[in-house]
Trainee: 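If you scroll down you'll find the structure; I have some questions about it.
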Amino acid sequence: MRMRPALFPASILILFVLILNAGCSSTSIPAVPDEFPGWNITINGSVEKVLTLNDIKALPSVTGHGFAVSTVGIKYGPYSCRGVDLRDLAALAGGVQTGDEVWIYAPDGYLWVFDYDQLQGQGFVTFNASLKEIPSPPLKVILMYEQDSRPLSYDDGGPCRIAIISEQDGVVTEGSAWVKWVNRIEVHRK
Ligand SMILES: Nc1nc2c(c(=O)[nH]1)N[C@H]1C(S)=C(S)[C@@H](COP(=O)(O)O)O[C@H]1N2
Ligand SMILES: [Mo]
């Protein structure tokens with residue numbers, strides 16, 4: 001009899017865990033705020049801002065074609081990508097000036113740096129779908145939260161990943177700049 005009072009709450013707890021898991025086991029991609037509770041991103045410049053995913057989605061968004069290639073030549077995409085231009089995010093923390101760099105951090109320790117020209121969409125190496133180098137059209141660097149009209153899953157680098165997009169279809173960029181799981185952005189002034 002001494003075990004019973006302890007067993008009852010434990011079974012209720014297990015039941016709750018099962019119910020919560022059932023809610024997450026859907027095969028469709030869950031809505032991002034449910035998939036990433038408490039997630040936010042820090043933008044550090046002359047001031048610092050912390051944004052939730054809803055804050056990011058409330059900002060003006062841009063869309064375009066995104067297509068990337070890994071260092072071993074595996075292509076991913078083409079995708080339609082939606083997100084916020086990095087310059088608009090930086091503007092919330094004091095903005096970028098000529099010569100600034102933007103450092104993009106992820107919790108796995110990955111760090112990628114965009115120089116000022118790249119923030120303007122210039123100075124990237126681009127390829128066609130056959131991976132032949134082509135002159136770069138104007139590009140945009142965005143913090144992507146939607147890929148092919150769906151929230152970005154964790155496996156794809158969600159909730160927010162860097163994407164380099166073009167108005168023109170079939171422009172491939174180097175995958176190393178497509179930082180997954182972005183959680184911190186810093187504006188660096190020399
Ligand atoms: N956070 C994070 N982002 C990252 C990387 C990483 O190791 N960590 N690797 C980069 C590199 S080198 C490539 S080629 C692509 C690979 O993207 P994939 O994992 O979606 O294929 O992600 C980029 N983004
Ligand atoms: Mo890579």
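We're numbering straight along the sequence, starting at 1. The structure presented is a predicted model; accordingly, all values stated were derived computationally and were not measured. Whatever order the structure lists ligands and atoms in, that order sets their numbers, starting from 1.
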Trainee: Is it the case that Ser61 and Arg82 place a side-chain donor and acceptor less than 3.5 Å from each other?
Mentor: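 Yes, side-chain donor-acceptor contact under 3.5 Å.
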Trainee: Does Glu48 pair with Arg184 as a salt bridge, N-O distance under 4.0 Å?
Mentor: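 Looking at Arg184 together with Glu48, the answer is yes, because their closest N to O distance falls below 4.0 Å.
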Trainee: Between Asp85 and Lys140, is the closest basic N to carboxylate O distance under 4.0 Å?
Mentor: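 Judged by the 4.0 Å cut-off on N to carboxylate O distance, Lys140 and Asp85 do not form a salt bridge.
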Trainee: For Glu167, does the CD atom sit with more than 12 other heavy atoms under 6.0 Å from it, leaving out its own atoms?
Mentor: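 Not buried by this count: 12 neighbours or fewer within 6.0 Å.
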Trainee: Which N or O atoms of ligand 1 sit under 3.5 Å from a protein N or O, and how far apart is each pair?
Mentor:
{"from": "ligand 1", "atom 1": "1 (N)", "to": "Asp108", "atom 2": "OD1", "distance (Å)": "3.0"}
{"from": "ligand 1", "atom 1": "1 (N)", "to": "Asp108", "atom 2": "OD2", "distance (Å)": "3.3"}
{"from": "ligand 1", "atom 1": "1 (N)", "to": "Lys180", "atom 2": "O", "distance (Å)": "3.0"}
{"from": "ligand 1", "atom 1": "3 (N)", "to": "Lys180", "atom 2": "N", "distance (Å)": "2.9"}
{"from": "ligand 1", "atom 1": "8 (N)", "to": "Asp108", "atom 2": "OD2", "distance (Å)": "2.7"}
{"from": "ligand 1", "atom 1": "17 (O)", "to": "Tyr76", "atom 2": "OH", "distance (Å)": "3.3"}
{"from": "ligand 1", "atom 1": "17 (O)", "to": "Arg161", "atom 2": "NH2", "distance (Å)": "3.0"}
{"from": "ligand 1", "atom 1": "19 (O)", "to": "Lys180", "atom 2": "NZ", "distance (Å)": "2.4"}
{"from": "ligand 1", "atom 1": "20 (O)", "to": "Arg161", "atom 2": "NH1", "distance (Å)": "3.3"}
{"from": "ligand 1", "atom 1": "20 (O)", "to": "Arg161", "atom 2": "NH2", "distance (Å)": "3.3"}
{"from": "ligand 1", "atom 1": "22 (O)", "to": "Arg161", "atom 2": "NH2", "distance (Å)": "3.2"}
{"from": "ligand 1", "atom 1": "24 (N)", "to": "Trp178", "atom 2": "O", "distance (Å)": "3.0"}

Trainee: Please tell me whether Val69 and Trp112 are part of a single hydrophobic cluster in this structure, the criterion being side-chain heavy atoms less than 4.5 Å apart.
Mentor: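 As far as the 4.5 Å side-chain criterion goes, Trp112 and Val69 are not connected within one cluster.
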Trainee: Taking Ile41 as the starting point, is it possible to reach Val102 by hopping between hydrophobic residues whose side chains are less than 4.5 Å apart?
Mentor: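 Yes; Ile41 is reachable from Val102 via cluster members.
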